[in-house]
Number of protein chains: 2
Amino acid sequence: MARKGIDRQTVLEAAVKIIDTEGFENLSMAALAKTLGIKTPSLYNHVKGMSDLRKQLAVYGINRLKETMAEASIGLSGKNAIFSLGTAYVSFVREHPGLYEATLPSASVLDEEILHAGEGIVNLLLRVLQDFHLEHEDAIHAVRGLRSLVHGFASLELKNGFNMELDVDVSFKHLLETYVNGIERGSKKNK
Amino acid sequence: MARKGIDRQTVLEAAVKIIDTEGFENLSMAALAKTLGIKTPSLYNHVKGMSDLRKQLAVYGINRLKETMAEASIGLSGKNAIFSLGTAYVSFVREHPGLYEATLPSASVLDEEILHAGEGIVNLLLRVLQDFHLEHEDAIHAVRGLRSLVHGFASLELKNGFNMELDVDVSFKHLLETYVNGIERGSKKNK
DNA sequence: TTTACAAAACTAATAAAATTAGTTATTATA
DNA sequence: TATAATAACTAATTTTATTAGTTTTGTAAA
């Protein structure tokens with residue numbers, strides 16, 4: 001290897017710092033090279049280009065989000081696990097707004113590796129939902145519901161979609177509680 | 001006026017066509033000028049620049065979405081109104097993926113006009129929820145919940161977040177039903 | 001009908017960004 | 001110590017947004 005201690009991981013972490021502080025749309029090869037103290041073309045020794053960089057950020061972000069959620073659900077089950085995991089999700093988005101945005105590439109990108117990483121989150125949720133003893137189809141609906149709900153809340157908050165009138169954390173708890181209670185009730189009905 | 005029948009509205013509609021077919025990230029002044037049959041600098045007679053164009057698309061998109069929702073709730077009340085309106089929302093996103101993406105500018109843009117347009121949707125939801133006789137704070141929570149849920153679902157679907165295993169429309173109905181039932185139950189409890 | 005003004009098109013030029021090609025320097029290892 | 005690979009560099013190209021300044025054209029007043 002030559003010169004500086006720059007590798008794929010260093011580049012990725014520098015990019016994360018930029019998007020979390022300056023905003024996802026302000027990521028550029030020029031800015032990234034500058035923070036690393038190298039010239040722009042040198043970046044091409046580590047990433048294939050801008051779209052490759054964005055793809056790698058997506059995979060990296062999804063995996064870090066998944067780890068955060070997994071961590072938050074350790075030792076908990078059922079409703080408690082869901083709450084802890086949902087709260088961890090929202091916190092992640094607040095701490096890493098740019099990285100979270102990176103996890104949501106436009107449909108036109110549609111990459112195999114990104115889709116695969118996303119399945120990790122779905123599987124995690126399915127396991128946490130096992131306590132509810134749902135039938136397979138209902139479990140899938142519930143996973144989709146939970147993802148929609150948590151992503152929707154975090155995403156709207158990120159885009160400043162809520163005014164300041166009322167504590168947003170209370171709203172989130174209210175939302176999650178209402179939905180999870182409904183799931184629970186549906187599960188009991190099926191017994 | 002001179003030459004062609006191009007005005008702000010024509011430009012906006014051409015831009016909508018581009019983002020809905022080619023994707024939001026493929027909007028450029030160059031592409032837009034080409035579809036209008038003019039040279040790039042001529043666009044500056046109608047919009048102030050790229051970021052102004054994006055801002056105008058955001059406001060335009062939010063207002064069209066609001067009209068779609070308002071239309072869908074005419075003559076209905078309570079749960080029926082919510083269902084019709086939610087379904088209309090999801091359909092809108094499917095028909096106008098690019099325009100919908102335009103309605104969600106990064107937090108750093110934070111424009112007064114955009115925020116104001118967004119309030120229109122909040123007010124519409126508040127009126128539709130009047131049938132549930134919620135207290136003011138609970139009504140706000142419910143509006144936030146509904147927006148999170150519907151936006152989250154539409155947004156994940158748009159980003160190909162769901163696999164094909166199960167009918168997504170059934171999942172959406174399931175989600176909305178579970179949540180609205182919960183709201184209704186909460187409302188009755190408070191009486 | 002002619003003239004004058006304003007709006008909207010144009011050309012030319014600049015700046016910033018991504019990317020490619022080709023070259024030089026450095027470091028690990030044979 | 002020599003060499004091969006890696007990663008930095010410079011130079012050049014392309015694309016895009018944007019600005020300045022000019023020309024054209026349609027409307028409305030004289």
Side-chain angles (χ1 to χ4, degrees), chain A residues 1-60 98-99 101-102 105-106 108-109 111 114, chain B residues 1-60 98-99 101-102 105-106 108-109 111 114:
Chain A
M1 285 172 223
R3 273 297 239 308
K4 316 212 176 184
I6 295 177
D7 62 357
R8 211 197 59 122
Q9 191 60 24
T10 326
V11 172
L12 231 50
E13 275 158 20
V16 170
K17 188 173 266 181
I18 291 176
I19 60 185
D20 279 342
T21 56
E22 312 291 323
F24 182 72
E25 75 284 359
N26 283 83
L27 178 63
S28 68
M29 298 298 266
L32 183 53
K34 194 167 218 175
T35 69
L36 288 166
I38 58 178
K39 304 288 168 157
T40 310
S42 307
L43 280 174
Y44 289 76
N45 290 312
H46 307 290
V47 292
K48 290 191 197 124
M50 198 67 208
S51 69
D52 176 56
L53 174 62
R54 282 198 272 249
K55 187 187 115 177
Q56 293 199 44
L57 283 170
V59 174
Y60 178 66
L99 185 56
E101 201 171 337
S106 291
S108 54
V109 177
D111 181 82
I114 295 175
Chain B
M1 285 168 223
R3 270 300 236 306
K4 318 210 176 186
I6 295 176
D7 62 358
R8 211 196 60 122
Q9 190 60 24
T10 326
V11 172
L12 231 51
E13 275 158 21
V16 170
K17 188 174 266 178
I18 290 176
I19 60 184
D20 279 341
T21 56
E22 313 290 324
F24 182 71
E25 75 283 1
N26 284 87
L27 178 63
S28 69
M29 298 298 267
L32 183 53
K34 195 168 218 173
T35 69
L36 288 166
I38 59 178
K39 305 288 169 153
T40 309
S42 307
L43 281 174
Y44 289 76
N45 289 314
H46 306 290
V47 293
K48 289 191 198 124
M50 197 66 205
S51 69
D52 175 56
L53 174 61
R54 282 198 271 251
K55 186 187 117 179
Q56 292 200 44
L57 282 169
V59 175
Y60 179 65
L99 185 57
E101 202 171 338
S106 292
S108 55
V109 176
D111 182 83
I114 295 175

Please report the distance, rounded to the nearest Å, between [atom1] in [X] and [atom2] in [N].
X: A:R8; N: D:dT6; atom1: CZ; atom2: P; value: 16 Å
X: A:K39; N: D:dA7; atom1: NZ; atom2: C1'; value: 15 Å
X: A:D7; N: C:dT27; atom1: CG; atom2: P; value: 16 Å
X: A:I6; N: C:dT26; atom1: CD1; atom2: P; value: 15 Å
X: B:I38; N: D:dT23; atom1: CD1; atom2: C1'; value: 16 Å
X: A:L43; N: D:dT10; atom1: CG; atom2: P; value: 14 Å
X: B:E25; N: C:dA17; atom1: CD; atom2: P; value: 20 Å

- prompt: Which atoms form the tightest heavy-atom contact between B:I18 and B:N26, and what is the distance?
  reply: CG2-O, 4.2 Å

message: With a 4.0 Å limit, can you tell me whether A:S42 has a side-chain N or O closer than that to the phosphate oxygens OP1/OP2 of D:dA7?
response: no

field: C:dA7 phosphate, OP1 or OP2, under 4.0 Å from B:H46 side-chain N/O
entry: no

Contact check, side chains of B:L43 and B:L53, non-hydrogen atoms, under 4.5 Å: no

- prompt: Can you tell me how far OH of B:Y60 sits from CD of B:Q9, rounded to the nearest 0.5 angstrom?
  reply: 5.0 Å

- line: Rounding to 0.5 Å, atoms CD1 (B:I6) and CZ (B:R8) come to a distance of 14.5 Å

message: Determine whether A:E101 and A:I19 satisfy the following criterion, side-chain contact (heavy atoms from CB on, under 4.5 Å), listing intermediate values before the conclusion.
response: CA-CA 9 Å; A:E101 201 171 337; A:I19 60 185; over 6 Å; no

Output one line per pair: protein atom, nucleotide atom from nucleotides 16-20 of chain D, and distance, for all N/O pairs under 3.5 Å.
residue : atom : partner : partner atom : Å
D:dA17  : OP1  : B:M29   : N            : 2.9
D:dA17  : OP2  : B:M29   : N            : 2.9
D:dA17  : OP2  : B:A30   : N            : 3.0
D:dT18  : OP2  : B:Y44   : OH           : 2.8
D:dT18  : OP2  : B:M50   : N            : 2.8
D:dT18  : O5'  : B:Y44   : OH           : 3.0

task: Indicate, yes or no, whether a donor-acceptor pair under 3.5 Å links the base of D:dA8 to the side chain of A:N45.
output: yes

message: Filter on salt bridge (charged side-chain N to carboxylate O under 4.0 Å, His left out), then keep only pairs touching residues 29-55 of chain A, sequence neighbours left out; what's left?
response: A:K55-A:D111, A:K55-A:E113

